[in-house]
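Here is the structure we will look at.
Both ligands and their constituent atoms are indexed starting at 1 by order of listing. No hydrogens, no waters, no symmetry mates; every other heavy atom, side chains included, goes into these values.
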Amino acid sequence: IKKIAILTSGGDAPGMNAAIRAVVRSALDKGLDVYGIYEGYRGLHQNKIKQLTRYSVSDIINKGGTFLGSARFPEFKDPAVRTECAEVLRSHGIDALVVIGGDGSYTGAKLLTEEHGFPCIGLPGTIDNDIPGTDYTIGYQTALETAVVCIDRLRDTSSSHHRISIVEIMGRHCSDLTLSAAIAGGCEYAIAAEIGFNKEELIQEIESSFAKGKNHALIVITELVTDVHQLAKDIEARVGNETRATVLGHIQRGGTPSAFDRILASRMGVYAVDLLLQGEKGRCVGIQNEKLVHHDIIDAIDNMRRPFKADLLDVANKLV
Ligand code: F6P
């Protein structure tokens with residue numbers, strides 16, 4: 001391997017820049033040429049590729065987002081588009097690719113490896129913490145801190161006004177962010193995507209705690225479970241207290257990466273280059289029990305599951 005490329009794909013996550021920097025600098029140290037692909041798989045298809053130097057990645061370790069840009073590119077599902085992308089890589093003499101992103105990005109890397117024999121290594125970059133084969137994804141811890149800061153602020157105003165606040169948290173079908181934020185934010189109710197909820201039971205619980213003297217409450221809920229604004233109306237109609245829903249949304253994706261995410265991203269980036277130089281391909285990097293590990297990317301997508309963290313829900317429920 002002489003020339004490697006790197007791209008970030010899917011939703012951006014704080015720490016992606018630290019990962020890019022680590023890949024670029026460690027690859028250069030090993031005598032490789034490094035190319036940055038701008039705007040994910042879409043940019044690859046459009047040949048948006050530039051050679052990077054160690055100075056291309058100066059002053060980015062502390063920056064959120066990804067300086068390479070990212071995109072969602074559903075067209076990559078078309079095998080003809082993937083063949084064109086492989087040709088673009090070959091036209092630059094690039095012989096390996098590091099992909100930083102979530103499960104969609106991994107699927108892209110898997111297909112490039114499977115269909116075109118192209119050595120790809122995946123790094124888990126998403127705030128959702130929903131990637132199999134790793135305890136933590138790059139960006140998750142920062143997004144969690146952001147969510148908790150927002151919950152603390154909502155607590156101030158909900159308590160002053162004796163209101164009920166519903167806070168919608170990102171994560172798609174994974175509730176790690178929701179449940180961890182519920183514990184750290186001291187929230188009264190946590191609703192996880194994996195479990196769902198019974199609206200009637202929730203309202204009855206709120207009614208009974210308000211009857212006992214409670215005068216405000218925080219409810220955290222994973223996105224896509226229900227329409228939180230409608231839920232606010234339904235709660236207010238029954239309980240009587242004003243109820244507001246706040247969708248944290250993309251606020252959770254931005255911001256300065258935490259030290260944890262910078263270190264995780266740096267370690268994973270260096271490890272990815274080492275794996276490529278050892279001749280590994282079609283692997284994805286993770287951290288499990290504090291150790292860097294790698295798994296077959298195909299296995300990770302098709303067979304490995306991330307178990308629901310029932311213990312987090314249990315702790316959240318016990319501390320109300
Ligand atoms: O995967 C990261 C994530 O932020 C999810 O939590 C969320 O469902 C989705 O991306 C939002 O995607 P978009 O930025 O395309 O609206």
Quiz prompt | Pair Asp234-Gln230, side-chain donor/acceptor within less than 3.5 Å | solution = yes

Quiz prompt | Greater than 12 external heavy atoms within 6.0 Å of His173's NE2 | solution = no

Quiz item: Counting only heavy atoms not in Phe260, do more than 12 sit closer than 6.0 Å to its CZ atom?
Solution: yes

Quiz item: Between Arg172 and Asp103, does at least one N-O distance fall below 4.0 Å, as a salt bridge requires?
Solution: yes

Quiz item: Would you call the rings of Phe76 and Phe73 parallel, tilted or perpendicular, where under 30° means parallel and over 60° means perpendicular?
Solution: tilted

Quiz item: Would you call the rings of Phe67 and Tyr38 parallel, tilted or perpendicular, where under 30° means parallel and over 60° means perpendicular?
Solution: perpendicular

To check your reading of the model: name the closest protein heavy atom to [atom], its residue, and the distance in Å.
{"atom": "atom 16 (O) of ligand 1", "answer": "His250 NE2, 3.2 Å"}
{"atom": "atom 3 (C) of ligand 1", "answer": "Arg253 NH1, 3.5 Å"}
{"atom": "atom 15 (O) of ligand 1", "answer": "Arg72 NE, 2.8 Å"}
{"atom": "atom 8 (O) of ligand 1", "answer": "Glu223 OE2, 2.6 Å"}

Exercise. Identify, by atom number and element, the atoms of ligand 1 in contact range of Gly171, meaning under 4.0 Å from any of its heavy atoms.
Key: 6 (O)

Quiz item: Against heavy atoms of Asp128, which atoms of ligand 1 measure under 4.0 Å?
Solution: 1 (O), 2 (C), 3 (C), 5 (C), 6 (O)

Self-check item: Gln252, portion touching ligand 1 at heavy-atom distance under 4.0 Å
Solution: neither

